[in-house]
There are 2 protein chains.
Amino acid sequence: MPKAQPPATAEELRHAILERHGSLSKRLQQIARYVLDEPNELAIETLSVIAERAGVQPSAIVRFAKEFGYPGASQMQRVFRDNLLSGNAAIGYGERVRHFNAGLSRRKGGGHAEVLAEFIEGNSLALHNLAQTISEAQLAEAVDLIDKAETVFVAGFRRSFPVASYLAYSLQQVNKRTMFVDGVGGLGKLQAQTIGRKDVLIAVSYQPYAGETIEAAEQAAARGAKILSISDSLVSPISKLATVVLQVRESEVRSFRSLAASICLAQALVIDLAFESTRAERRPRRGRAT
Amino acid sequence: MPKAQPPATAEELRHAILERHGSLSKRLQQIARYVLDEPNELAIETLSVIAERAGVQPSAIVRFAKEFGYPGASQMQRVFRDNLLSGNAAIGYGERVRHFNAGLSRRKGGGHAEVLAEFIEGNSLALHNLAQTISEAQLAEAVDLIDKAETVFVAGFRRSFPVASYLAYSLQQVNKRTMFVDGVGGLGKLQAQTIGRKDVLIAVSYQPYAGETIEAAEQAAARGAKILSISDSLVSPISKLATVVLQVRESEVRSFRSLAASICLAQALVIDLAFESTRAERRPRRGRAT
DNA sequence: AACGAATTGGAATATTCATTCTACGCGCCG
DNA sequence: CGGCGCGTAGAATGAATATTCCAATTCGTT
């Protein structure tokens, strides 16, 4: 049932969609979601491109537009285009385009957004720094270590816990046998006690190093397991015991260190491993489960 | 005399135009000026519209594009579109992410460092995108919500778990009364059951939305608690119930979405809260004046 | 002033794109 | 269990748009 008056601005349309989202058909909801999530795509790309990305038929988008009162999809696009333009409208390059400095630092004294911007900046720096501190060889070693392990144990507490949990989760996602030493119920020590010679412990730790992690590492070392340390220092108590150390320098803003770089590294590690495994599938030996 | 290699970015094209401006024909200079002055128009409008506004023939614009090495005017437009989007960041992002997804499958995958570099790039993009999708107002609302809460409950499972655990950890660090709904021992439901009218639930969730989180959100809503949703969509099951939604667009490579942006947001949220509390300490009581 | 080369305007053409339409599939209700 | 209606996919259509081409004009040169 098309409305008589189509929303004239992107904001209005957004509201309208949110309001009616529940009562739309499945396919239309799918489109609604895409429209909400990717307004700029909608503004610029052609209908068929949008359709493909949203996983629907072009005609479905036309129907969607009509559902909200537009005569056609093009008119709906216009709304988003205008919105996009007005957002950027301030950028008026004159004939004197000598200003190649697109001023990116907008100083709003406001506070909230500034904090966010600061962290974004900091994490961005940390990420790029990561590329320089981690060498290809190190990464390859680390992946190889994990790939060859029968079972991977992951340990990390306090500040490192999110990184460890991410690692444990995604390793399982790529079908690596993984044991997350989460220390629930004070069982951390026991969990790590079953580690064996063919296994690997990934120990994530940052200053101040959690006692549990150190313990786990010591135990692993004692039982002949390999250790991969993800840490902020090469000489941390854990790194000393490690076979391979991946050093991450996190950004620190107002004495709060971030984790973005570590998460990124963890992610790259796991995906890289997934590639490695895929390649390894062709090889007869070492039949890891898919 | 068409150049062999057309400028691939708007900035390059601007350079090229400025350089050759003097040696262009009158009509071509006219177009050059328009291109420099109104890049946005060029990005979005159709050729004939642009021609009319610039006071030239459509064919002249095609000629202009060819002059700079493009096979047609459309290809030149694409350059400006990409630029517009990456400037606005909301989808220059999607476009680029799509690019290295394509690139990933093409490359042999031999380079470990390459994978890392791609994730760094992807996360970097996601971070910058974050700055644009989260408005100061939203952040302020979210902080306010948390600040006023008696107890903060944090829920997030599977992929969202690292983010949730980070939030829980750092909220406690800044002395906020926090309850981490971690679902250990299948007690998730019970943990969330004690939530009250004065409390806030921070629900972190991404597709596919974990049932436990949805349950927790429903319970919270039923008991009259406020909900802050950190999610990838405005219409996710959790976001629908939420008082405030912070939408995060993560980078995605090979169906592995990252978490760096979410971690960054979480961090900013907590630190921002810490400032807020510090300021509030001077004032009589917990209740902040709105 | 006249010729030639370069440039331009505008119609003709080819291509791409949005939209419409029809037949099919699915779920709902009798 | 069978019919009915909504929703959907996909091809056909028609419109709009980009591009090409050629004749007309301007500009520079001798």
Side-chain angles (χ1 to χ4, degrees), chain A residues 1-3 6-7 13 17 20-35 38-82 84-85, chain B residues 1-3 6 13 17 20-35 38-82 84 95 235:
Chain A
M1 197 221 275
K3 277 171 62 177
L13 177 54
I17 292 177
R20 302 185 48 193
H21 186 262
S23 63
L24 294 172
S25 81
K26 197 181 68 176
R27 194 48 42 95
L28 257 36
Q29 285 191 6
Q30 189 179 346
I31 296 173
R33 180 184 191 123
Y34 187 84
V35 171
E38 313 281 356
N40 291 336
E41 296 261 332
L42 208 75
I44 286 199
E45 298 297 339
T46 143
L47 256 204
S48 39
V49 172
I50 296 166
E52 196 197 348
R53 297 215 185 134
V56 302
Q57 291 290 327
S59 52
I61 298 178
V62 175
R63 262 183 291 133
F64 179 84
K66 293 198 170 173
E67 184 68 28
F68 283 89
Y70 299 97
S74 310
Q75 286 78 358
M76 183 173 68
Q77 278 190 295
R78 178 148 299 278
V79 167
F80 282 106
R81 287 188 192 176
D82 291 350
L84 184 60
L85 279 185
Chain B
M1 196 217 275
K3 276 171 64 180
L13 178 53
I17 292 177
R20 302 183 48 193
H21 188 261
S23 63
L24 293 173
S25 79
K26 197 180 69 176
R27 194 49 39 96
L28 257 34
Q29 286 190 7
Q30 189 180 344
I31 295 173
R33 175 180 196 127
Y34 185 83
V35 171
E38 309 285 352
N40 295 341
E41 299 267 320
L42 207 73
I44 287 195
E45 298 297 340
T46 130
L47 256 203
S48 39
V49 172
I50 296 167
E52 196 195 349
R53 297 217 182 133
V56 300
Q57 290 291 325
S59 53
I61 298 178
V62 175
R63 266 200 298 273
F64 179 84
K66 293 198 170 175
E67 184 67 28
F68 283 91
Y70 300 96
S74 309
Q75 286 79 357
M76 185 174 66
Q77 277 190 295
R78 175 146 302 275
V79 167
F80 281 105
R81 289 189 190 180
D82 290 350
L84 179 60
E95 185 73 13
V235 293

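A, B, ... follow the sequence lines: proteins, then strands. Residue 1 opens every chain. These values consider heavy atoms only, across backbone and side chains, with no hydrogens, waters or symmetry-generated copies.
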Identify the two heavy atoms, one from A/Glu45 and one from A/Gln77, that lie closest to each other, and give their separation to 0.1 Å.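 Taking every non-hydrogen atom into account, O-NE2, 2.9 Å.
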
Of all the heavy-atom pairs spanning B/Arg20 and B/Glu67, show the shortest one and how long it is.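 Shortest heavy-atom contact: NH2-OE2, 2.6 Å.
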
With sequence neighbours excluded, residues passing side chain to side chain donor-acceptor pair (under 3.5 Å) with [X]:
X	answer
B/Thr46	B/Ser48
A/Arg27	A/Gln30
A/Ser25	none

Can you check nucleotides 16-19 of chain C for protein contacts, nitrogen or oxygen pairs under 3.5 Å, and list what you find?
from, atom 1, to, atom 2, distance (Å)
C/dA18, OP1, A/Leu47, N, 2.9
C/dA18, OP2, A/Thr46, OG1, 3.1
C/dA18, OP2, A/Leu47, N, 3.1
C/dA18, O3', A/Ser74, OG, 3.1
C/dT19, OP1, A/Ala73, N, 3.4
C/dT19, OP1, A/Ser74, OG, 3.3
C/dT19, OP2, A/Ala73, N, 2.9

Could you check how far CZ of B/Arg63 sits from C1' of C/dG10, rounded to whole Å?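 For the pair B/Arg63 CZ and C/dG10 C1', the rounded distance is 10 Å.
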
Atom pair distance, as rounded to whole Å: CD1 in B/Ile61 and P in C/dG10: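 Atom-to-atom, B/Ile61 to C/dG10, this comes out as 14 Å.
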
Set of residues satisfying salt bridge (charged side-chain N to carboxylate O under 4.0 Å, His left out) with respect to A/Arg33, sequence neighbours excluded: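 Result, salt bridge (charged side-chain N to carboxylate O under 4.0 Å, His left out) vs A/Arg33: A/Asp37, B/Asp232.
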
For a quick test of your reading: what N or O donor-acceptor pairs under 3.5 Å do the side chains of residues 50-57 of chain B make, sequence neighbours left out?
from, atom 1, to, atom 2, distance (Å)
B/Arg53, NH1, B/Glu41, OE1, 2.1
B/Arg53, NH1, B/Glu41, OE2, 3.3

Could you give the start and end, 5' to 3', of the contact zone on DNA chain D for chain A, using atoms under 4.0 Å from its heavy atoms?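 Listed 5' to 3', the contact boundaries are D/dG7 to D/dG10.
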
Within residues 26-34 of chain A: residues closer than 4.0 Å to DNA chain C (heavy atoms):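 Hits under 4.0 Å, by residue number: none.
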
Return the set of residues passing side-chain contact (heavy atoms from CB on, under 4.5 Å) with A/Ala43 (not counting sequence neighbours), or none when no residue passes.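 Testing A/Ala43 for side-chain contact (heavy atoms from CB on, under 4.5 Å), a comparison that skips the adjacent residues, returns A/Phe80, A/Arg81, A/Leu84.
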
Sequence neighbours left out, what passes side-chain contact (heavy atoms from CB on, under 4.5 Å) with A/Ala65? Give chain and number order.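 side-chain contact (heavy atoms from CB on, under 4.5 Å) check on A/Ala65 returns A/Tyr70, A/Ala73, A/Met76.
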
Might you work through the side chain to side chain contact (heavy atoms under 4.5 Å, CB included) test for A/Leu24 and A/Ile31, ending with a clear yes or no? CA-CA 10 Å; A/Leu24 294 172; A/Ile31 296 173; over 6 Å; no

